[in-house]
Undergrad: 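I'd like to ask you about the structure that follows.
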Amino acid sequence: MQDTAISALIEALPQPVLVLEPDGFVQAASPAALDLFGQRIIGAQLRAHLRQPEVSAMLERVLAGKAEDSSSFVLHSGSRETIWRVIARRSEAGLLVLSLSDVSDLEAAEAQRRDFVANVSHELRSPLTVLSGFVETLQGPAGEDGETRREFLEIMAGQAARMSGLVADLLSLSRVEAVEKIRPRTPVAIEMVLKATLAALRPQIDAAAIRLEYDVPEGLPDVPGDYDQLVQVFQNLIENGVKYGAGGGRLDVAARHLPALPGFDGPAIRVSIRDYGEGIDPIFIPRLTERFYRIDKARSRDSGGTGLGLAIVKHILSRHRGRLIIRSSPGEGASFDAVLPCA
Ligand SMILES: Nc1ncnc2c1ncn2[C@@H]1O[C@H](COP(=O)(O)OP(=O)(O)O)[C@@H](O)[C@H]1O
Ligand SMILES: [Mg+2]
């Protein structure tokens, strides 16, 4: 290849690439590598600019004759941390070509996956431990007593229900994630969604002695959506209002057509679910949509919560190009606004 062709090739490379001479001095660098290390890297020893013992050791191996090797390192710039993977190959002429790739996102996704698996295992293990304990007890002499048996079986049924609730939420989360990139297009009447949801939750609302203030005008435009998923959104938001806001004795369900609002290209519909309960300390609000995040674990669990509800809501709204806006101050209840674009 001609020199100009080689230069053109290097210049076009989107990723940082360095060419090292057999003695370790940097001979050429792609623009992305110059962005990373600065112009002064040319003609310098790489290890003088990249003080990473693992990378240096890897370079030594390749300079000593190994054909290919790889390593990784972490760069700190300001508060940002990036993780790089570097692959070194030796050319026939003895030159070393180092290609770097930013694997921060991959690493973050991997860490998230590990956390998720750990969380799921933990959430399943506690009810399972309770169940096994009671099975063992019932297998012993305590199992002969009718009263004890009834009592224990009831506890066991509760734990089994908790486990199936968790599995149901996990399945629902994974189904939503699987189609998250595909925007739903069927016209959906929000009024119908809210009516169906409230009818299903009526017994819970009545049992909690909550007065429902329903303010949804007729003739709201349809939104492109997935009916069942939108029912899931409002089911969780209204259920949360009932579970965590019951103290206030009142729940508002309101919808409005908004001709324009920041962050949206056109008109949208905003559905607000507002309770008058204890409310939420603002420091917790940004974390509420994280998977398994619950402010009061024991309380959420006692009411059959998994901490996945708002994570599912967020995914569904994002699939609909919509948004969830949470507002609350302690002692004044909480409002959850779901905003859905009309087109
Ligand atoms: N209306 C509300 N008022 C106060 N806290 C709430 C409300 N809605 C949700 N939360 C808090 O957010 C957490 C997460 O909610 P969610 O994801 O639906 O999980 P779950 O209801 O299964 O616990 C709840 O555990 C609760 O601590
Ligand atoms: Mg919930």
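We count ligands from 1, going down the list as the structure has it; atoms in each ligand are counted the same way.
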Undergrad: Would you check if the side chain of E68 reaches a backbone N or O of I87 as a donor-acceptor pair within less than 3.5 Å?
TA: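 No, E68 side chain to I87 backbone: no donor-acceptor pair under 3.5 Å.
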Undergrad: Indicate the atoms forming the closest heavy-atom contact of G322 with P341, along with that distance.
TA: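 Between these two residues, the closest heavy atoms are CA-CD, 3.9 Å.
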Undergrad: What residues form a side-chain contact (heavy atoms from CB on, under 4.5 Å) with R294, not counting sequence neighbours?
TA: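 With sequence neighbours excluded, R294 shows a side-chain contact (heavy atoms from CB on, under 4.5 Å) to E123, K297, S300, R301, given in chain and number order.
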Undergrad: To check you understand the geometry: which heavy-atom pair defines the closest contact between R89 and V62, and what is its length?
TA: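 Heavy atoms only, the tightest pair is C-CG1, 4.5 Å.
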Undergrad: Looking only at heavy atoms, is any part of D275 under 4.0 Å from ligand 1, and if so is it the side chain, the backbone, or both, or is it neither?
TA: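 Near ligand 1, D275 shows its side chain, while the N, CA, C and O stay back.
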Undergrad: If every non-hydrogen atom of T306 is compared with every non-hydrogen atom of F292, which pair is closest and at what distance?
TA: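 So the minimum-distance heavy-atom pair works out to O-CD2, 3.6 Å.
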Undergrad: Have a look around the Mg ion (ligand 2) and list protein N/O/S atoms under 2.8 Å, or say none.
TA: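 Protein N/O/S atoms under 2.8 Å of the Mg ion (ligand 2): N236 OD1, N240 OD1.
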Undergrad: In this structure, are over 12 heavy atoms from other groups packed under 6.0 Å from E136 atom CD?
TA: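 Counting other residues, nucleotides and ligands, CD of E136 stays at 12 neighbours or fewer.
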Undergrad: Using non-hydrogen atoms of the residue, decide whether G245 is closer than 4.0 angstrom to ligand 1.
TA: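 Checking ligand 1 against G245, which is what was asked, there is no heavy-atom contact under 4.0 Å.
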Undergrad: Ignoring angles and geometry beyond distance, decide whether G279 reaches within less than 3.5 Å of ligand 1 through its nitrogen or oxygen atoms.
TA: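 Such a contact does not occur with ligand 1.
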Undergrad: With a heavy-atom distance limit of 4.0 Å, tell me whether I280 approaches ligand 1 through its side chain, its backbone, both, or neither.
TA: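 For I280, the contact with ligand 1 is made by the side chain alone.
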Undergrad: What atoms of ligand 1 come closer than 4.0 angstrom to any heavy atom of N236?
TA: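 Those atoms are 18 (O).
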Undergrad: Can a non-hydrogen atom of K243 be found less than 4.0 Å from any atom of ligand 1?
TA: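 K243: in contact with ligand 1 (<4.0 Å).
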Undergrad: I want to check a possible cation-pi pair here: R40 against F37, using under 6.0 Å from ring centre and within 45° of the ring axis as the test.
TA: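 Checked: cation-pi criterion not met.
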Undergrad: If we only count N/O pairs under 3.5 Å, is G307 in contact with ligand 1?
TA: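 Min N/O separation from ligand 1 is below 3.5 Å for G307.
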Undergrad: Of all the heavy atoms in F284, does at least one lie under 4.0 Å from an atom in ligand 1?
TA: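 Judged by the 4.0 Å heavy-atom criterion, F284 does not count as contacting ligand 1.
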